[in-house]
Amino acid sequence: MQSVQKMALKASDVSRAFYQLVLDQDMLTRLGTAWFPGRRCFFMGFGTGKTSIAATIPAVYADSVWIPHAIVVDNQIVSVFDPGVHFPVPIEVSAESDRGGLCRRPCVLAGGDVGGMLDLQFSSTSRFIPRRCR
């Protein structure tokens, strides 16, 4: 029910979220198109800026989501709320706030440097193939 796939994304939302980064309109258009509606993105390339762009993506969706404090899995309590990732939005106390917290849409970044692992390497048998991971 809280998926971004159901949200309408406008160019003004992208511009508002990325105001602090120096990006031209062409790049903003490409970024907005890349993850609309809620698609997965893979950023790669030389230079800096990929992490800053990725960390800004949740700000495009100016909304909040309910994050449960914990869930039960196989009779075990599993904590979900992480204060390092989930930033509460002030709300009036209600019955729903006992079960979870209203938070800004979270952003968790994971990744690493893949270096030249995605570069193409010539093979006379199959033409170009991806270089194997070392």
Side-chain angles (χ1 to χ4, degrees):
M1 290 177 23
Q2 302 183 99
S3 172
V4 295
Q5 292 179 343
K6 298 175 184 176
M7 297 178 71
L9 185 64
K10 298 178 281 199
S12 60
D13 296 327
V14 177
S15 296
R16 175 193 40 78
F18 286 95
Y19 77 94
Q20 79 280 11
L21 299 178
V22 180
L23 300 171
D24 63 18
Q25 189 58 47
D26 181 56
M27 179 58 75
L28 292 174
T29 301
R30 288 178 186 216
L31 289 171
T33 304
W35 66 74
F36 177 78
R39 295 183 191 168
R40 291 154 197 84
C41 294
F42 181 75
F43 294 106
M44 67 174 275
F46 297 106
T48 59
K50 296 178 290 292
T51 301
S52 296
I53 290 171
T56 305
I57 291 173
V60 172
Y61 307 100
D63 66 340
S64 301
V65 293
W66 285 100
I67 305 293
H69 294 293
I71 59 173
V72 177
V73 178
D74 292 332
N75 293 324
Q76 298 290 318
I77 297 174
V78 179
S79 178
V80 175
F81 184 86
D82 180 349
V85 175
H86 302 115
F87 302 102
V89 173
I91 60 167
E92 293 181 25
V93 177
S94 68
E96 290 181 351
S97 64
D98 291 339
R99 292 178 277 166
L102 188 63
C103 300
R104 292 189 326 218
R105 188 168 290 278
C107 178
V108 178
L109 300 176
D113 188 8
V114 293
M117 292 186 302
L118 300 177
D119 293 341
L120 296 178
Q121 177 178 319
F122 182 75
S123 168
S124 59
T125 306
S126 61
R127 300 288 178 188
F128 288 97
I129 60 170
R131 185 175 292 168
R132 303 238 190 282
C133 297
R134 296 177 195 167

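Note that the structure is a prediction, hence the values are computed from the model and not measured.
- When all heavy atoms of Ser15 and Leu28 are compared, the pair lying nearest together is OG-CD1, 4.1 Å.
- In terms of heavy atoms, His69 sits closest to Gly101 at NE2-N, 4.3 Å.
- In this structure the side chain of Ile67 never reaches within 4.5 angstrom of the side chain of Val85, judged on heavy atoms.
- Partners of Asp26 according to the salt bridge (Lys or Arg N to Asp or Glu O under 4.0 Å) rule, which considers only residues two or more places apart in sequence or in another chain, are Arg30.
- Taking CE from Met27 and CD1 from Ile53, the interatomic distance works out to 5.5 Å, rounded to the nearest 0.5 Å.
- Listed by chain and residue number, Asp63 satisfy the side-chain hydrogen bond (donor to acceptor under 3.5 Å, both in side chains) test with Arg105 (two or more places apart in sequence, or in another chain).
- Residues passing the side-chain contact (heavy atoms from CB on, under 4.5 Å) test with Ala54, sequence neighbours excluded: Phe43, Leu109.
- Checked against side-chain contact (heavy atoms from CB on, under 4.5 Å), Ser52 has the following partners two or more places apart in sequence or in another chain: Leu21.
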Margin query: Could you go through Arg104 and Val65, starting from their C-alpha distance and side-chain angles, then the distance that decides it, and tell me whether this counts as side-chain contact (heavy atoms from CB on, under 4.5 Å)?
Written below: CA-CA 6 Å; Arg104 292 189 326 218; Val65 293; over 6 Å; no

Please table the atom pairs, donor to acceptor, closer than 3.5 Å between any side-chain atom in residues 72-79 and protein atoms at least two apart or in another chain.
none

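- The minimum heavy-atom distance between Val80 and Pro68, with the atom names listed, is CB-O, 3.4 Å.
- From Arg16, atom CZ reaches atom NZ of Lys10 across 9.0 Å, with rounding to the nearest 0.5 Å.
- Put simply, CZ on Phe87 and CG on Leu102 are 14.5 Å apart, with the number rounded to the nearest 0.5 Å.
- Contact of the Phe81 side chain with the Cys103 side chain is registered, since non-hydrogen atoms from C-beta on lie closer than 4.5 Å.
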Margin query: For Leu23 and Leu31: C-alpha separation, side-chain torsions, deciding distance, then whether side-chain contact (heavy atoms from CB on, under 4.5 Å) applies.
Written below: CA-CA 10 Å; Leu23 300 171; Leu31 289 171; 4.0 Å; yes

